[in-house]
Structure formats: C-alpha cells, structure tokens
Amino acid sequence: MILFSARNSFTLLTSTSRSYTSATLLHFLQLSAAHRSLRLTKHSHTQILSLGLTQNSFLATKLVTAYAICGHPSRSRLVFDSVEYKNVYLHNSLISGYAKNYAYYEAFDLFNDMCYSNVSPDEFTLATIAKMCGDVKDLNVGSLIHGKIIKIGFNEDVVVANSLMSMYNRCGKFSGTKNLFDEMPQRNAGSWNVLIKGYSNLEDCSLELGLWEIVKCMQIDGVKLDAFTVSSLLSLCGDNDDTAGKWDYGRELHCYIVRNEFDLGLDSDFHLGCCLIDMYSKKSDNLDVGRRVFDQMKRRNVYAWTAMINGYVQNGALDEALVLFCEMQVRDRTEPNKVSLLSVLPACSSLVGLTGGKQIHGFAIRKDLNHDLSLCNALIDMYSKCGSLDSARRVFEDSSFQKDSISWSSMISGYGLHGKGEEAVLLYDKMLSLGAKPDMITVVGVLSACSKSGLINKGLNIYDSVINVYGINLTTEICSCVVDLLGRAGQLDRAFDFIKTMPVEPSPSVWGALVSASVMHGNSEMQELAYRFLIQLEPDNPSNYISLSNVYASSKRWDVVAKVRATMKDRGLRKAPGCSWISIHDRTHCFYVADKAHPHSKSIYEMLDNLVLIMKGAMVDR
DNA sequence: CGTTACCAAT
C-alpha cells in the first residue's frame with residue numbers, strides 16, 4: 001500500500017517535472033524520506049541537479065536527511081560538500097544523519113569542524129550531540145558538552161535539557177538526570193519521560209514504589225501523559241501473580257488510554273497497542289484482553305502481529321500462535337520480520353511441527369535472514385526438538401554466522417535430547433578447545449546429556465571442572481543435574497548429602513531428581529522423604545500427590561494412599577490427565593490413557609497390540 | 001514559501 005502511493009508521486013514527478021518548483025521537490029524529498037526510498041531520493045536528486053538547484057539550502061538539507069534515512073550517509077556527505085555556503089541547517093542534518101547511521105566518529109568530527117568554523121552550533125546541534133554521547137555512553141564527553149551548553153546558554157531549552165538528561169541516564173548517572181530535572185525552568189512530557197526512564201532503570205527495587213508518585217506529580221505539574229509515557233509505564237508492568245509489590249498499574253493505564261481516546265494502530269501509536277498486548281500477555285489470565293486490544297486496533301503492523309503471536313507462544317497457546325502467523329500474511333498481507341520468525345519457531349518446536357519449522361527456515365533463506373545469530377540458534381533448537389538432529393547440525397555448521405554460547409548450548413542439548421551423550425561431550429570438549437567459555441546453560445546441557453546416556457563419571461568430572469576451572473555459579477538446574485548423576489550411579493546418600501550442603505535453595509526439580517533416582521534403585525524410604533520435601537515446596541502441584549500415593553500403593557499401604565488422596569481433595573487439587581499427540585497432515589491427534597475417542601481407535605489399538613507382540617518377540621530372541 | 005533536534009522500541 002505504502003509503496004504504491006510513493007510510486008504514484010514519482011510518476012507524477014517524472015512526467016511533468018519541467019513545471020516543478022523547489023517547493024514541490026521539497027515535498028517529494030519529504031516523501032522519499034518518509035518511505036525510506038533510495039530510488040525516489042536519487043530521482044529527486046537528479047531533478048535538483050538538472051534544474052540547477054544544487055545551491056538551494058532547503059533542498060540540500062532535505063536531501064542530506066533523505067539519504068541518511070535511506071542508510072547512505074556517504075551520499076549525504078557528497079551533497080554536503082557540494083554546497084558552497086553551508087549554514088547551520090545543513091550541518092545539523094548531516095550530524096544527525098551520521099548519528100542515525102551509527103557513524104559517531106564522523107558526527108563528532110563534523111561537530112568539531114563546526115566549532116572552529118564561522119557557523120556556530122545551535123540548540124538543534126547540541127541536542128543531537130548530547131544524545132550521541134548517551135548512545136556511545138561517554139560520560140566524559142557528555143559532561144564537556146553539558147559545560148559547553150551552559151556556557152552558550154542553551155541549558156534552558158527543554159529539548160536540549162531532555163537530551164542531556166537522557167545522556168546521563170544512558171551513562172548510568174541518574175543523579176545527573178535528577179539534578180538537571182530539578183533545575184529546569186519548564187518541563188514538557190519528554191522531560192518527565194526521561195526522568196521516569198532513569199528512575200525505572202535503577203537497580204534498587206524499593207524505589208519502584210515511588211514511580212506512581214512521579215506520575216501523579218507529573219499530572220499535578222499540569223503535564224499530560226503522552227503515548228511515550230504510557231507505553232514506557234506499560235512495559236514496566238510485570239506479572240502480578242507471584243511477586244507481591246511488583247509494579248502493576250496495567251489496567252489503570254489501559255483506562256487512561258481509553259479515557260483520553262489515544263489511537264491504537266495509527267502510525268506513531270502502533271507502539272502503544274503493542275505495549276498493551278505485551279502487558280496483558282504477561283498477566284497469565286488476561287491474554288484474551290490482549291487479543292481484544294489487538295482486534296480493536298484500527299490497523300495492525302508487523303510489530304502488532306508479532307506482539308500478539310508472542311503473547312500466545314508465551315502462554316502456551318501454540319495453535320493460536322501458528323494460526324495468527326498464517327493470518328497475518330494471508331489476511332493482512334503483512335510480511336513477517338526476523339522477530340516474528342523468532343516468536344513462532346518455539347511453537348513449532350513444542351508442537352513438533354517439523355514441516356512448519358522447515359517452511360520458516362525456507363522463508364528465512366529467501367529473506368536472507370538465515371545468517372542471523374539468534375535465528376540460527378532458534379532453528380538449531382527447533383530442528384533438534386522436532387527430531388531432525390542432522391538438520392540442526394547443518395545449521396550449526398553454517399560458517400556464515402558467528403556462533404555464541406547459545407549456539408553451542410542448543411546443539412549440545414540437542415544431542416542430549418536424542419540420547420547421544422558421547423557426541424554431546426565431544427562437542428562440549430570442542431567448544432572448550434576453541435576457547436569458548438561455557439555458561440550455566442551449556443553446563444546443564446552437557447550434564448543432562450551425560451545423565452541420559454549413563455556417562456556418570458564423565459558428567460561428575462565435567463561438574464568438578466566447571467566449578468573449579470571456569471568458576472561457574474551454581475544454579476538449581478545444575479544442582480538437579482548433579483543429583484541426577486549421583487542418583488543414577490546409585491549413590492543416593494551422597495546425592496542427599498549434596499542437597500543438604502549445596503549453596504542454593506533446593507528447587508522442586510532437585511527433589512524430583514532424587515525421587516526418580518530412588519524409584520530407579522528401589523529405595524522407597526528415600527523416595528518418600530524426597531516427596532515430602534517436594535510437597536512442602538509445591539503444595540498445589542497435584543502431580544506430587546499422585547506420585548506419592550503411587551509410592552504407597554506399590555507397597556500396598558492403602559490407608560496412607562487414601563489419606564494422601566483426601567488431602568488432595570481438601571485442597572481442591574485435580575490432576576489433569578497426561579496425553580500424547582502426533583501431527584499428521586496438519587491435524588493434531590491427542591491420546592489420553594485408555595482413550596477410545598479417536599475415530600480410528602479400533603485399528604490403532606490393533607496395531608499397538610501387534611507392535612507389543614513384535615517387541616516381546618524381540619526380547620525373547622535376545 | 002520551506003530545512004535541522006529530545007523522550008519508548010515488538
């Protein structure tokens with residue numbers, strides 16, 4: 001749609017260019033920049049040259065901006081150099097163009113030239129330069145610029161002061177932000193937004209309680225919250241179900257948006273809609289509210305679609321996520337971007353949707369996104385979880401992306417998942433020999449691969465080395481792996497001692513590992529003990545009660561079984577029955593214990609009986 | 001006639 005309108009303007013420009021004035025060309029350049037169209041910018045440039053308007057300061061300034069926005073600051077420079085009398089506008093637009101393209105050295109260099117020329121920097125220059133100091137996190141240069149600003153007397157300009165505050169925020173010096181804020185003669189919404197940003201960056205969580213107070217002060221000061229304010233506050237709203245005292249004014253903020261008739265889905269305010277969807281995605285029971293926001297948006301861009309898809313994936317609604325991923329392309333003709341692909345890939349992994357995963361991989365190749373690190377990592381994960389270890393390895397071996405510890409961890413865990421402990425250890429050793437450092441995720445991957453493949457001593461050796469050589473901090477996940485390793489080796493007492501002495505609080509998974517090991521070695525005493533701890537930690541998890549009652553049932557202690565079941569009933573706990581599923585021809589078939597609901601259930605059970613017979617035969621042969 | 005800047009980021 002957007003491209004279409006840009007092309008229309010262009011046709012108009014070429015067909016009747018003779019009669020066009022500099023004002024019209026200025027308008028076309030505005031369009032070129034808005035659409036980030038290098039083609040249109042070049043053609044406008046051609047017109048300027050052929051009409052002999054190269055020395056027009058307005059056109060030159062716009063041309064510099066347009067080339068920079070299209071990602072070609074060197075073309076901006078050529079335009080800049082071709083203008084004889086360079087005014088402050090021209091300088092400013094080139095400095096800002098360099099900054100937009102992360103060419104900070106060139107930007108500072110030009111600023112320096114400017115300071116020694118007859119063109120003085122103005123408030124626009126200084127605002128840009130101050131922001132740049134924040135971008136490169138250089139507090140020293142930032143402070144110098146602050147001094148220069150005071151000397152020239154631009155410190156009372158709201159935008160300049162906002163830029164300076166933002167610089168202090170990004171350099172981690174909130175005191176600088178706060179001092180400036182207090183001294184400002186007048187403040188706009190931007191000033192408050194920077195203050196809020198700096199405040200919420202502070203590590204000290206007790207301060208978070210004061211955030212709502214700041215919002216109140218802002219209103220008392222007569223400054224209305226704008227879309228920036230609301231969206232940054234929304235992204236601070238966490239999940240309200242576990243941590244008490246967490247900042248949660250999501251609903252209030254949503255009300256504010258509705259009362260003040262903020263537009264969702266109108267160019268600059270897409271962001272607001274996305275933040276609302278995100279906020280509701282983090283509140284587990286409110287995903288449908290997020291969906292309502294999504295449906296009510298007047299228009300949706302790729303960010304909005306991605307936010308909604310991500311919400312579904314985060315909340316385990318994987319089918320909906322995939323449906324939406326298709327809808328975004330079919331119904332809305334919105335092309336997914338890298339983040340969209342990253343959001344849906346886990347849905348493929350969990351649903352074992354190899355076909356869908358391959359399609360996404362294919363799409364990524366067509367869009368030349370397949371050399372992106374995070375996408376490659378997600379692909380490795382998807383392929384190994386979908387059973388295609390070879391494809392995972394092929395992505396892993398692709399030399400066109402720079403592997404990080406996540407790439408190694410995903411591949412190592414993949415081997416572990418497929419019971420290939422030897423390969424996992426081999427790859428882990430290769431990683432170390434290449435000088436890459438393992439992190440706690442890698443360690444969990446290789447240790448669990450060792451347990452699953454029975455490489456107990458190897459696993460324990462690796463554990464010792466990561467603690468002593470690599471100084472890895474222990475996590476409950478790593479501890480679970482160690483308990484699992486010791487437990488599988490039949491050293492239940494040693495495993496129990498480890499739990500008692502380990503430096504982190506044992507999590508349910510740690511006790512769970514001890515339970516499995518006790519079951520494996522028929523130690524019902526240890527099993528019962530571990531379950532008791534498990535129930536204490538997770539009094540609301542029905543699985544624990546079921547398993548505990550199974551322990552007693554196996555030793556025929558029916559009175560205790562009844563007691564455990566009664567406790568469960570008292571607490572209103574019910575265990576959702578486990579099920580398995582398989583996807584065939586885009587349909588997912590689910591099966592529960594003794595399930596006869598499937599239309600082909602008779603032939604399925606016949607096949608199953610046959611398979612059991614064949615397996616029993618194979619056992620006898622051995 | 002008209003040009004350049006700050007605050008958030010899926």
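Note that the structure is a prediction, hence the values are computed from the model and not measured. Naming convention: chains lettered A, B, ... in sequence-line order (proteins, then strands); numbering from 1 in each chain.
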Would you say the side-chain atoms of [X] and [Y] include a donor-acceptor pair closer than 3.5 Å?
{"X": "Ser374(A)", "Y": "Asp372(A)", "answer": "yes"}
{"X": "Thr177(A)", "Y": "Asn169(A)", "answer": "yes"}
{"X": "Asn193(A)", "Y": "Asn162(A)", "answer": "no"}
{"X": "Asp122(A)", "Y": "Thr125(A)", "answer": "yes"}

Side-chain N,O ([X]) to OP1/OP2 ([N]) below 4.0 Å:
{"X": "Lys62(A)", "N": "dT4(B)", "result": "yes"}
{"X": "Ser96(A)", "N": "dA5(B)", "result": "yes"}
{"X": "Lys86(A)", "N": "dT3(B)", "result": "no"}

Give [X] one of three labels, base, sugar-phosphate or nothing, depending on what nucleic acid heavy atoms sit under 4.0 Å from its own.
{"X": "Lys338(A)", "answer": "nothing"}
{"X": "Ser57(A)", "answer": "base"}
{"X": "Asn310(A)", "answer": "nothing"}
{"X": "Thr125(A)", "answer": "nothing"}

Applying the 5.5 Å / 30° rule, does Phe228(A) stack onto the base of dA8(B)?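 Ring-base stacking flag not set for Phe228(A) and dA8(B).
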Going by centres under 5.5 angstrom and planes under 30 degrees, do the aromatic ring of Tyr89(A) and the base ring of dT4(B) stack?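 No, the aromatic ring of Tyr89(A) does not stack with the base.
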Whole angstrom value for the distance that separates [atom2] of [N] from [atom1] of [X]:
{"X": "Ile95(A)", "N": "dC6(B)", "atom1": "CD1", "atom2": "C1'", "value": "16 Å"}
{"X": "Ile145(A)", "N": "dC6(B)", "atom1": "CD1", "atom2": "P", "value": "15 Å"}
{"X": "Met167(A)", "N": "dC6(B)", "atom1": "CE", "atom2": "C1'", "value": "13 Å"}
{"X": "Leu233(A)", "N": "dA9(B)", "atom1": "CG", "atom2": "P", "value": "11 Å"}
{"X": "Leu25(A)", "N": "dC1(B)", "atom1": "CG", "atom2": "C1'", "value": "14 Å"}
{"X": "Ile277(A)", "N": "dA9(B)", "atom1": "CD1", "atom2": "C1'", "value": "14 Å"}
{"X": "Gln30(A)", "N": "dT4(B)", "atom1": "CD", "atom2": "P", "value": "7 Å"}
{"X": "His271(A)", "N": "dA9(B)", "atom1": "NE2", "atom2": "C1'", "value": "4 Å"}

Nearest to the side chain of [X] - [options]?
{"X": "Lys131(A)", "options": "dC7(B), dA5(B), dT4(B)", "value": "dC7(B)"}
{"X": "Asn87(A)", "options": "dT4(B), dT3(B), dT10(B)", "value": "dT3(B)"}
{"X": "Asp122(A)", "options": "dC7(B), dT4(B), dT10(B)", "value": "dT4(B)"}
{"X": "Phe58(A)", "options": "dC1(B), dC7(B), dT3(B)", "value": "dT3(B)"}
{"X": "Ser163(A)", "options": "dC6(B), dT4(B), dA5(B)", "value": "dC6(B)"}
{"X": "Phe124(A)", "options": "dC7(B), dA5(B), dT10(B)", "value": "dA5(B)"}

I'd like to know whether Gln55(A) forms a side-chain contact (heavy atoms from CB on, under 4.5 Å) with Tyr85(A), so could you lay out the CA-CA distance, the side-chain angles of the two residues, the decisive distance to 0.1 Å, and finally the verdict. CA-CA 8 Å; Gln55(A) 299 303 308; Tyr85(A) 298 105; 5.6 Å; no
Does Thr61(A) make a side-chain donor-acceptor contact with the base of dT3(B), cut-off 3.5 Å?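 Yes, a donor-acceptor pair under 3.5 Å.
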If you draw the axis of the six-membered ring of Tyr98(A), does the NZ or CZ of Lys100(A) fall within 45° of it and under 6.0 Å from the ring centre?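 Ring-cation test returns no.
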